[in-house]
Amino acid sequence: MEDTQLQLTSTETKEPQNQRLVFAVNGERFELFSVDPSTTLLQFLRSRTRFKSVKLGCGEGGCGACNVLLSKFDSNLKRVEDYTVSSCLTLVCSINGCSITTTEGLGNSKDGFHSIHQRFAGFHASQCGFCTPGMCVSLFSALVNSEKNDHPQPPLGSSKLTSSEAEKSISGNLCRCTGYRSIADVCKSFACDVDMEDLGFNSFWKKEKTPDSKLVKLPFYDPKKICTYPEFLKNESMSPMHLKYQKRSWYTPVSMKELHNLLESTSAEKGKMVKLVAGNTGIGYYKEVDQYDEYIDLRFIPELSTIKRTDSQIKVGATVSISKLIFALKEERDDDDDEGDMVFQKIASHLEKIASESVRNSATIGGNLVMAQRNGFPSDISTLLVAVKSEVTIMNGIKKVLTLEEFLAQPALDSRTLLLSVHIPFMKPNKNGYNSDKSDTKLLFQTYRASPRPLGNSLAYLNAAFMAEISPYKSGNHVINNIQLAFGAFGNKHAIRANTVENYLLGKTLSVGLLSESLKLLKANIQPEDDTSHSAYRSSLASSFLFEFLFPLLDSDASYIKSSSLTSDHYDEKRTLLSSSKQVLESSHEHYPVGEPIIKTGASIQASGEAVFVDDIPSPLNCLHGAFIYSTNPLAWVKGVEVKKDIHSVVSFQDIPKGGENIGAKTLFGPEPLFANELTECTGQRIAFVVADSQKNADIAAETAMVDYDTEHLEPPILTVEHAVENSSFFEVPSFIYPSQVGDFIKGMAESDHQIHSAEIKLGSQYYFYMETQTALAVPDEDNCMVVYSSIQVPEFAQSVIAQCLGIPEHNVRVITRRVGGGFGGKAIKAMPVATACALAAYKLNRPVRTYVNRKTDMIMAGGRHPMKINYTVGFKSNGKITALHLDILINAGISPDISPVMPWNMLGALKKYNWGALSFDFKICKTNHSSKSAMRAPGEVQASFIAEAVIEHVASFVSMDVGCVREKNFHTFDSLKNFYGGDSVGEFVEYTLPTIWDTLMKSSNFNDRVETIKKFNKCNTWRKKGISRVPILHEVSLRATPGKVSILRDGSIVVEVGGIELGQGLWTKVKQMTAYCLKAIQCEGADGNELLEKIRVIQADTLSMIQGGFTAGSTTSEASCEAVRLCCNVLVERLVGLKERLEAQMGFVKWDSLILHANMQSVNLSASSFFVPEFTSMRYINYGAAVSEVEVNLLTGETKILQADIVYDCGQSLNPAVDLGQVEGAFVQGIGFFMLEEYSINSNGLVIADSTWTYKIPTIDTIPKQLNVHILNSGHHKKRVLSSKASGEPPLLLAASVHCATRAAIKEAKNQVRSWKGLEGSDLMFQLDVPATMPVVKTLCGLDNVDLYLQSLMSSS
């Protein structure tokens, strides 16, 4: 992070009481007399305080990693208000008089952890730990505020929080590691209404035992332990503040007159830029690159910051937060106007679905509407308020009242026009211009939104709000007396009313024909602008929403008027997002403490914010900050780069020292340049590295830099794999890693009864979305040396690349990695150029240089998972048995080879999961003008496993068989398994556990009964369809050579070094367990397994201390590191046992401390190093697992809810079942992202446009399976494995294909239903479901016109 320049003293203090900023952080007082007004709270905390727990995950308020609790004192009401805010959006000048609490303020390792920290550790809910502090603060805020409600007093040690409130407290927080289930259990453990039996696996009690009270076993929660607002702040003078910093100022007017005078004075100065500030959350969407001269804080002007109620309306000041408006709308009035309250309640309910709570707490109503009016922001609020005929008051010299529609339709507001207030009318049928005098007239109001996720930071594809006044007519029909139809976010500039449709419906009796005609009119009315993504889908949503609103009125049963939905229950704030899940862990005590589910090493300090990541390391003296300028052109000459901002330096390929090379990364298959030379060959390619005095300034300089491109005399770029084939643009795959064909394809085809030729599958990319972006710190050292702190999975290679780039020996480069905030393969090759750029800049400038790559740049440069195009030809019998399969696979590698040549090998390991009879293939690794693709969790394997399932599904459809039967028909026998994989990987017969897993899963998931239940459900529900699928996996992995070192210090404590890097996968934890297990063989008093665990510390990787560290990848580094440690410990045991026996003969018994003391005195070598090299016959093995997933698809919107997932996975004898459980759940949920959610979109030049949390959606707590059941199978002894253990990091990701297959099954039901509406017989079986199966994809297959077809079928039948 940056070192924001702050002046803590001032020479000009005419009004001292008005020229200082006073606040508290974790009870500590801060007083500033001058500060850059553009400084965010996050920047201040990370650069000017010791509190580093607030993390920069996105800079958009979209991830929750930077959440803090803001507390302020209301001197009138004499009470403290507490709420979370996104510190990355909150300006530090806006917190005058406030108190900030971070997770460090709750507790720590020295003074004692808070129960939140302890429960995060004990429920195994922290893996990499980067997101955990933000999670803790979000939960703490919910706990603090629950104490202020009027719920009954809970049992001692519990809170007033409900389970639903507890879950939703972290709905705005992202986690890429855990899969959320364990985090949700932490939150619910504090709830007053939770059944402790429903909480998942933890370290506080054993599931199978039923103690009297599990609450007492939890770390005690004391709601009064933390004071969020210190007393000294209450005594501070909080008068209006005016701060100056250089030529910039911050003003806090307290009246409209004062504001008017400020605006007048600033307008007189030409060229002066003024920013009106309230919540400042707009910068999360519209990034700022300009510096403002004046900041005017509007929040303290009463006319703008209050809510007033009258009999006819609620008048909301423009700076009122969304959260406060929600609260006001939920307040019931004294009169009996249930319908008016209903409207407000539904608006409030809708508002709770938008943004995250930390953003809603700051974001203002006025700011949202102004962004909608001025910038075309796709606002939900504007749509809702247009539907209820709201008005606004604006001022530009004079006050003016406009309808909201008029306001939105005006030309974009200039900076001098103010939105003062919004007026939301109370809705009453007989008092708002309705033309009916019937006493039984009813008011209907409903809101709608379709978005990639139900809750939190997610823009809608379409939002809508409808209000109608209806009265009954003959034959139970209804007359529409009045109607308002508002639509927004569909690709238009702002929310609009569908006036043509309203006028058509007005006064008419509703009928099927009328509804059908109104939908036709609506399609003409709701037309997205050109270049709007998914435009046909958005138009279809408009029809779906209007149909859902009006169609139930055709039923004479008017119960719909109270509440109804054709597709699903509306949002219920009391309902939990997740239901109770089961975790079955079969642990072994044979090698205690190996095999025990001990808490992950470092989990508590991760929760408390004490864990140090690279960007948490304090900046050395004179440290500079860097940011990348990247190419936006796929193939062009770079004629020049113009940087418009004041910076320190620009580093490019021209700055590489004599003897050095332009190299940024390398693999076995070749290098990748650090910077483009004169020619840039892909979008996202690094062109230069801007170095400035702060990270913010470097980022702005890089963002605003102008690159002069020239494409003259260049061939068109290769942007598709088809174009690569035409140009023979390929990377070579070395023969020694190109896989072998299996069987005789021609013979297999000849034996088939049926054949499918040249079927096509296309698979897109996926972004890593590690919570910690790429980061490094390079510090020049003596004697031409360089020390680099890097968040990297492969420090050894970074060391080599940096040395090669600088032209110095590798022993002059020291790369240190303590922990990585999520990697998933993206911190391997892709981290090298980040570290190298910092090292090159530091070498050139002879000053420390660091960078923390912003999320947008990271997403554009990352490359991600390999996209590919697959054509397959398959032959099969009538009974579904496949006899031959041929695959032509084009893999988009991008511009550099990276690890792409190994993809065929990886893919075959997963493709061979079924007995294809004969398997042939042709892989082409296509060189294209895209950023180079790299390894991402299960690289190649996840695509290959899906291809296998797609083939099986296609064959099953062709022969009209149940797909599960076709899967089983093509399962391997043990002999066919050996034929496909070879005996070394397969092992012994008892190791082939898939048949056992399959049978176990069928029973534990109650599969057959659920299939019948789903059939009944689908018959009874027109607009909801369920699907269920079961999928097996076979995933081959390989062990790699790995070093280790164990040293026993004089006091008996133990230091362990391994080549593997702690990424959150629990490597350090397993290594500690293995060290304790091996050393306890000395059988010394004070050295049993538990006692030794407390003595062991695993330390950071250091390339000059531990060489040949290799890659931390491929799921096997933990077990390989454990084996390396075991070799070290065996040496130490051998050295110490003889000494112990001699001492016992003299002393009778020997304590551990005494033994080590004597060993030192007798010069016994207490350090042992090893290099574990796996035997060729045992280095590869197969992992087995299976999953059943059940989904429900909304046919009107395409939304897919994952109702339940059941997983059985073989971990061998798990080294740590708790760690492996977290890996299984986290991998599965990341796989859901790939198959269902994560659309890594690019433009026509190949430039990534899904470059933010706004446009790229990873799974969240509201999009994971409602119930996730996991069984970690203990499959017994595997002689060639490390203590019989097996991998867990990557294979379970492949199981998420079951969700995609279940979705396909549900769509199949929807398509068959559409066929019946068309009067067609038979089934619509042949279709491909794209990956990811996003809402537009699913809805398109279900039928964009399904509502029209349904109405036509009704009219035809009548």
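Scanning for salt bridge (Lys or Arg N to Asp or Glu O under 4.0 Å) contacts around Glu610 gives an empty result, with sequence neighbours left out. With sequence neighbours excluded, no residue satisfies side-chain hydrogen bond (donor to acceptor under 3.5 Å, both in side chains) with Asp783. For Lys52, the salt bridge (Lys or Arg N to Asp or Glu O under 4.0 Å) test picks out no residue, with sequence neighbours left out. In terms of the ring pair (Phe, Tyr, Trp, His ring centres under 6.0 Å) criterion, Tyr789 has no residue partners (sequence neighbours excluded). Considering only residues two or more places apart in sequence or on other chains, Arg176 meets the side-chain hydrogen bond (donor to acceptor under 3.5 Å, both in side chains) condition with Glu1238. Every ring pair (Phe, Tyr, Trp, His ring centres under 6.0 Å) that Phe1111 has, sequence neighbours left out, goes to Phe797. With sequence neighbours excluded, the residues forming a salt bridge (Lys or Arg N to Asp or Glu O under 4.0 Å) with Glu1123 are Arg1126, listed by chain and number. Annotation: side-chain contact (heavy atoms from CB on, under 4.5 Å) contacts of Thr102 (sequence neighbours excluded): Asn26, Leu45, Phe51, Ser53, Val54, Val68, Ile100, Glu104. Residues passing the side-chain hydrogen bond (donor to acceptor under 3.5 Å, both in side chains) test with Arg50, sequence neighbours excluded: Glu28.
Of the possible donor and acceptor atoms, one in the side chain of Glu1062 sits under 3.5 Å from a partner among the backbone N and O of Trp1068. A side-chain donor-acceptor contact under 3.5 Å links Arg865 to the backbone of Met936. Of the possible donor and acceptor atoms, none in the side chain of Arg819 sits under 3.5 Å from a partner among the backbone N and O of Gly1064. Distance alone, capped at 3.5 Å, places no donor-acceptor pair between the Arg1097 side chain and the Val1056 backbone. Panel note: side chain Thr103, backbone Ala607; a donor-acceptor pair is recorded below 3.5 Å. Within the 3.5 Å criterion, the main-chain N or O of Gly825 finds a donor-acceptor partner in the side chain of Gln793. Counting only distance, with no hydrogens or angles, the side chain of Ser86 and the backbone of Cys88 share no donor-acceptor pair below 3.5 Å. Remark: the backbone N or O of Thr601 is paired with a side-chain donor or acceptor of Thr1069 at under 3.5 angstrom. Checking side-chain atoms of Glu60 against main-chain N and O of Thr1253 turns up a donor-acceptor pair under 3.5 Å. A donor-acceptor pair under 3.5 Å is absent between the side-chain atoms of Glu796 and the main chain of Ser800, judged by distance alone.
A donor and an acceptor atom, one from each side chain of Gln127 and Thr178, are nowhere located under 3.5 Å apart. Between the side chains of Asp858 and Asn854, no donor-acceptor pair of N or O atoms lies under 3.5 Å. With hydrogens and angles left out, the side-chain atoms of Ser791 and Lys827 include a donor and acceptor closer than 3.5 Å. Residues Lys696 and Ser38 bring a donor and an acceptor atom of their side chains to less than 3.5 Å of each other. For the 3.5 Å distance criterion, the side chains of Arg850 and Ser619 qualify, holding a donor opposite an acceptor. In the model, Gln685 has a side-chain atom that pairs as donor or acceptor with a side-chain atom of Thr680 under 3.5 Å. A side-chain donor from one of Glu1057 and Ser1105 sits under 3.5 Å from a side-chain acceptor of the other. A side-chain donor from one of Asn67 and Ser138 sits under 3.5 Å from a side-chain acceptor of the other. Gln606 and Thr132 share no side-chain donor-acceptor pair at under 3.5 Å.
Evaluation of the side-chain hydrogen bond (donor to acceptor under 3.5 Å, both in side chains) test over residues 1106-1115, restricted to residues two or more places apart or in two chains, returns Ser1115-Glu1290. Sorted pairs that involve residues 821-846 and meet ring pair (Phe, Tyr, Trp, His ring centres under 6.0 Å), not counting sequence neighbours, are lacking altogether. Here salt bridge (Lys or Arg N to Asp or Glu O under 4.0 Å) pairs that include residues 659-674, with residues two or more places apart or in two chains, are Glu672-Arg686.
Here the side chains of Thr1075 and Ile1054 are in contact, with some heavy-atom distance below 4.5 Å. Using a 4.5 Å heavy-atom threshold, the side chains of Ile629 and Val641 count as touching. Side-chain contact between His124 and Ile599 is present, with heavy atoms from C-beta onward closer than 4.5 Å. Using a 4.5 Å cut-off on side-chain heavy atoms (C-beta onward), Lys844 and Ser649 make contact. In this structure, Tyr1240 and Val1248 have side chains that are in contact, with non-hydrogen atoms separated by less than 4.5 Å.
By the 6.0 Å and 45° rule, Arg46 does not stack over the aromatic ring of Tyr852.
Closest non-hydrogen pair, Tyr770 versus Gly823, comes out as CD2-O, 3.6 Å. Pro1043 and Met1106 get closest at one heavy-atom pair: CB-SD, 3.3 Å. Here the shortest heavy-atom pairing between Cys838 and Phe689 reads SG-CZ, 4.1 Å.
Aromatic rings from Tyr767 and Phe769 are positioned such that their centres are separated by under 6.0 Å.
In summary, Lys55 and Asp615 do not engage in a salt bridge, as defined by a charged side-chain N under 4.0 Å from a carboxylate O. Salt-bridge formation is not detected for the pair Asp898/Lys933: no Lys NZ or Arg NE/NH1/NH2 atom is positioned less than 4.0 Å from an Asp or Glu carboxylate oxygen.
Ring-plane geometry between Phe113 and His117 is classed as perpendicular, the angle between the planes exceeding 60 degrees on a 0 to 90 degree scale with a lower cut at 30.
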Q.
One pair to check against side chain to side chain contact (heavy atoms under 4.5 Å, CB included): Ile598 and Leu1093. What are the steps and the verdict?
A. CA-CA 10 Å; Ile598 68 169; Leu1093 277 175; 4.2 Å; yes
Q: Just do the side chain to side chain contact (heavy atoms under 4.5 Å, CB included) check on Leu56 and Glu772 with the steps written out, would you?
A: CA-CA 8 Å; Leu56 179 59; Glu772 172 203 44; over 6 Å; no
Q | Check against salt bridge (charged side-chain N to carboxylate O under 4.0 Å, His left out), Glu703 and Lys856 | A | CA-CA 10 Å; Glu703 180 69 20; Lys856 177 182 177 180; 3.3 Å; yes
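Crowding of Asp646 atom CG: a count of heavy atoms from other residues, nucleotides or ligands under 6.0 Å not exceeding 12. Within 6.0 Å of CG on Leu1166 lie more than 12 heavy atoms contributed by other residues, nucleotides or ligands.
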